[in-house]
Amino acid sequence: MPLFLNTPKLNEWLHKLIATSEKELIFVVPYIKISKNIFKALKKADENGVAVTIVYRENKLSDIQKQKILGLKKINLLHHPNIH
């Protein structure tokens with residue numbers, strides 16, 4: 001039976017993916033909008049030494065959100081216009 005990931009299910013699975021990561025996470029996304037719960041999970045992963053790379057297309061990330069993300073120690077934030 002297929003599993004359809006609507007927004008709440010996607011956030012649930014994304015949180016599980018982040019929480020169970022041990023070494024490295026790579027996200028390739030068209031845009032970034034990180035909820036408080038997902039940011040908490042990313043922060044915990046960062047504290048556990050997980051290297052996180054986020055490659056995103058739309059350069060509409062606010063300065064406040066960008067600084068918050070870049071405040072993580074093991075984060076690599078990359079912008080690329082050809083992600084689709």
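Throughout, residue positions are numbered sequentially from 1 according to the sequence presented. Note that this is a predicted model, so its numbers are computed, not measured. These numbers come from the heavy atoms of this one structure, side chains and all, not from hydrogens, waters or symmetry mates.
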Asks: Which salt bridge (charged side-chain N to carboxylate O under 4.0 Å, His left out) pairs, counting each pair once, include a residue from residues 10-21, with sequence neighbours left out?
Replies: K9-E12, E12-K16
Asks: Please enumerate all residues that pass salt bridge (Lys or Arg N to Asp or Glu O under 4.0 Å) together with K44, with sequence neighbours excluded.
Replies: none
Asks: S62: what forms a side chain to side chain contact (heavy atoms under 4.5 Å, CB included) with it, not counting sequence neighbours?
Replies: I64, Q65
Asks: Do you know which two heavy atoms are closest between G49 and K74, and how far apart they sit?
Replies: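 The pair with the smallest heavy-atom distance is O-CE, 3.2 Å.
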Asks: Please round to the nearest 0.5 Å and tell me the distance separating atom NZ of K73 and atom CD of E47.
Replies: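 Spacing of NZ (K73) from CD (E47) equals 6.5 Å.
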Asks: Partners of L78 by side chain to side chain contact (heavy atoms under 4.5 Å, CB included), sequence neighbours excluded?
Replies: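 Here the qualifying residues are T53, V55, N76.
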Asks: Other members of the hydrophobic cluster containing L25, with the 4.5 Å side-chain heavy-atom rule, please.
Replies: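 Answer for L25: L14, L17, I18, F27, V29, I32, I34, I38, F39, L42, V50, V52, I54, Y56, L61, I69, L70, L72, I75, L77.
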Asks: Once salt bridge (charged side-chain N to carboxylate O under 4.0 Å, His left out) is applied, what residue pairs with a partner in residues 21-38 remain, sequence neighbours excluded?
Replies: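 Found none.
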